[in-house]
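Heads up, the thing below is written out as structure tokens.
Just so you know, residue 1 is the first one in the sequence shown, and it goes up from there.
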Amino acid sequence: MMTQKNSVNLRMLVLEMLLEENIYSHILVRDVLNKYNYLSQQEKSFIKRVYEGTLERRIELDYIISQYAKTKFDKMKPVICAILRMSVYQILYMDAVPDAAACNEAVKLTQKKGFATLKGFVNGVLRNIVRNKEAITYPSLSVKYSMPEWIVDLWTKQLGIEKTELILAELLKEHLVTIRFRDVFEQTGVDIDTAITAVEKVLIGQGGRMEQHPYLPYAYLLSKTDDITKLPYYDKGAFVIQDVSSMLAVEAIGFESMNFSERKDPVLVIDICAAPGGKSMLAADLLEKYDVNYAVVSRDISENKVSLMQENFDRCMLKHVSAAVWDARKADDALFGKADIVIADVPCSGLGVIGKKRDIKYHISPDIIQDLVKLQKQILETAIQYLKPGGRLLFSTCTINQEENENQFAWLKNEKKLIPVPISHALPQCLEATITQEGCLQLLPGVHQTDGFFIAVLEVQSD
């Protein structure tokens, strides 16, 4: 597909993206769409769809190609592999692209990349797949859902085959952008209902939609959101981008049960692995309801992420939230025993957000997870020291793995002697059935309408 106005070969652009191995996929998509922001919405959607779909279904695509190519897949040149993958994806999953067009454009790409002698090979493989696409069968869940076999085995062992397949199917579906509208008129001067109406009107005008999430009244799902920053009242801080699972984690802390309205001394919240800052901002917005002084200290190890967080805090006019660079493993003696709440959304394997960060599954491994488990313990050891008696620790991750989640929760409870805080009263009633007796919640895509996310709240025993 060539855009005549700007002479950009969209398929060539996607091919170059697929050959880029040193940038995370979600960052690459963002950067490319920003660079080619002058393209139409349809063109940008095509780039995003073909790139993300090809990356996401790589295991399945490789299996299919290997069934119909005489040359073994691992013997093919990387450029040819990428051309075949993106073309097979279009043949199988994009009804708007005629099969003949997918084949012909693949041949053109092959020639343009300097492999004219392989045009016949590429054309033959793709035509063969077109003729037989209705007869394709899959030997395993790993191939069917393009998930590394070890992850399928891990989930099957921990969750059972039925839940595992629900998760695998859900991760391949379209994931809409989620935003949180802020009911903070005194800070922003924008009424929440006015902001909701204005954003919805713009989205409908550009062929999109906005719908309220069933779990939280201030959470909304958006489609056709080419540039969030251009939506009404973004610059006023009327809303922020945040996943519902992240919102639920903060709600689980149970601010109402901490009796802040009776407090005279300042309330301190420390968010130790804060980027991109959504939890810090929600915590601050919830604390605004109480007539107390408070401070939210948001830290992250990345200078770039801290800078972006501070920009968001400033946009949202959060005067009591500050961002700073800090290694969460390093203890800050000045804060020992002073925090009412510590938010510890610790580094993890990210298996719960594969649907949004599609290359995670190709880079993570059991060995890396073992290292992450050790890192989590280091960070949690430090986090505990910041809590005052009666202070609460929010422990959360964006993964689905008992070793990183339930086992760490048990360690906090049994070895560190923290007391689990019931969270059912603070969360939507529809989630109550999946909160464990121990008091933690594992959110699962396909079972819940969220990312995969683990939430637990624990308390330091009062004197």
Side-chain angles (χ1 to χ4, degrees), residues 24-26 52 55-63 138-173 175 243-246 248-249 273 344-380 395-415 431 433-456:
Y24 286 117
S25 62
H26 62 289
E52 291 183 342
L55 185 65
E56 187 170 52
R57 292 186 177 269
R58 194 175 77 189
I59 294 174
E60 174 196 2
L61 299 174
D62 287 2
Y63 168 78
Y138 301 104
S140 65
L141 292 181
S142 171
V143 173
K144 181 179 180 181
Y145 295 105
S146 271
M147 186 66 67
E149 195 166 347
W150 74 268
I151 297 178
V152 176
D153 291 343
L154 175 75
W155 287 345
T156 300
K157 181 180 178 181
Q158 295 184 359
L159 302 168
I161 189 70
E162 184 177 343
K163 283 185 179 178
T164 297
E165 190 156 13
L166 284 173
I167 295 168
L168 293 170
E170 185 67 25
L171 290 175
L172 289 175
K173 294 180 180 178
H175 291 81
D243 295 322
V244 169
S245 50
S246 172
L248 291 170
C273 301
D345 188 38
V346 297
C348 68
S349 57
L351 300 182
V353 292
I354 288 174
K356 294 176 180 175
K357 299 179 179 180
R358 292 158 177 81
D359 48 353
I360 287 177
K361 58 187 176 184
Y362 305 123
H363 299 306
I364 199 69
S365 69
D367 288 341
I368 292 175
I369 287 179
Q370 292 304 311
D371 292 337
L372 285 167
V373 168
K374 294 175 185 176
L375 176 61
Q376 288 176 347
K377 278 192 166 69
Q378 287 180 290
I379 291 173
L380 291 170
F395 164 53
S396 62
T397 75
C398 59
T399 195
I400 307 168
N401 178 20
Q402 291 175 3
E403 193 168 8
E404 299 172 79
N405 296 339
E406 287 88 346
N407 291 3
Q408 299 288 45
F409 172 75
W411 173 76
L412 288 167
K413 182 178 66 170
N414 300 327
E415 298 296 324
L431 298 176
T434 46
I435 297 172
T436 67
Q437 289 184 342
E438 291 78 16
C440 52
L441 173 63
Q442 175 67 70
L443 296 167
L444 301 172
V447 177
H448 306 99
Q449 296 182 53
T450 66
D451 294 330
F453 212 88
F454 181 82
I455 300 169

* Which value, rounded to the nearest 0.5 Å, describes the distance between L375 atom CG and I368 atom CD1? -> 12.5 Å

* To do: Would you check if there is a donor-acceptor pair between the side chains of S140 and E149 at a distance under 3.5 Å?
  => no

* Asked: Does NZ in K377 sit with more than 12 non-hydrogen atoms of other residues, nucleotides or ligands closer than 6.0 Å?
  -> yes

* **Beyond-backbone contact of L351 with W155, side-chain heavy atoms, under 4.5 angstrom** => yes

* Backbone of G446 reached by a side-chain donor or acceptor of H448 within 3.5 Å -> no

* CD/E52 to NZ/K357 distance, rounded to the nearest 0.5 angstrom? -> 13.0 Å

* 4.5 Å side-chain heavy-atom contact, T434 and L441 -> yes

* Between the main-chain N or O of T450 and the side-chain N or O of D243, is there a donor-acceptor pair closer than 3.5 Å? -> no

* Is there a side-chain contact between C398 and S245 (heavy atoms, below 4.5 Å)? -> no

* **Residue E438 excluded, over 12 heavy atoms near CD under 6.0 Å** => yes

* Between CG on residue L141 and CD1 on residue I167, distance to nearest 0.5 Å -> 11.5 Å

* To do: Would you mind listing every side chain to side chain donor-acceptor pair (under 3.5 Å) that reaches into residues 363-376, with sequence neighbours excluded?
  => Q370-E403, Q376-Q408

* Between F453 and S246, which heavy-atom pair has the shortest distance, and what is it? -> CZ-CA, 4.3 Å

* Hey, what do you get for CD (Q158) to OG1 (T156), rounding to the nearest 0.5 Å? -> 10.0 Å

* Report yes if the side chains of L172 and Y145 come closer than 4.5 Å at any heavy-atom pair, otherwise no. => yes

* Asked: Quick one: does K361's side chain get under 4.5 Å of S146's, heavy atoms only?
  -> yes

* What are the two closest heavy atoms between L166 and V447, and how far apart are they? -> CD1-CG2, 4.2 Å

* Asked: Side-chain contact, heavy-atom cut-off 4.5 Å: E60 with Y138?
  -> yes

* Asked: Got more than 12 heavy atoms from elsewhere within 6.0 Å of NZ, K356?
  -> yes

* What's the verdict on side chain to side chain contact (heavy atoms under 4.5 Å, CB included) for K144 and E165, showing C-alpha distance, side-chain angles and the deciding distance? -> CA-CA 10 Å; K144 181 179 180 181; E165 190 156 13; 3.6 Å; yes

* Return the minimal non-hydrogen interatomic distance between S142 and I59, and the atom names on each side. => O-CG2, 3.9 Å

* Note, I400 side chain near P445 side chain (heavy atom, < 4.5 Å) -> yes

* Roughly how far, to the nearest 0.5 Å, is CD of E56 from OG of S25? -> 9.5 Å

* Mind running side chain to side chain contact (heavy atoms under 4.5 Å, CB included) on V373 and N407 for me, showing each step along the way? => CA-CA 10 Å; V373 168; N407 291 3; over 6 Å; no

* Is the closest side-chain heavy-atom distance between I364 and L372 below 4.5 Å? -> yes

* Would you give the length of the straight line joining atom CZ of F409 to atom OG1 of T397, rounded to the nearest 0.5 angstrom? => 13.0 Å

* Asked: Backbone N or O of T399 within a donor-acceptor pair of the E404 side chain at under 3.5 Å?
  -> no

* Pair L443-V244, side chain to side chain contact (heavy atoms under 4.5 Å, CB included): steps then yes or no -> CA-CA 11 Å; L443 296 167; V244 169; over 6 Å; no

* Ring centers of F395, F454 separated by less than 6.0 Å -> yes

* To do: Could you check Q442 against E406 for side chain to side chain contact (heavy atoms under 4.5 Å, CB included), going step by step and ending with a plain yes or no?
  => CA-CA 9 Å; Q442 175 67 70; E406 287 88 346; 4.2 Å; yes

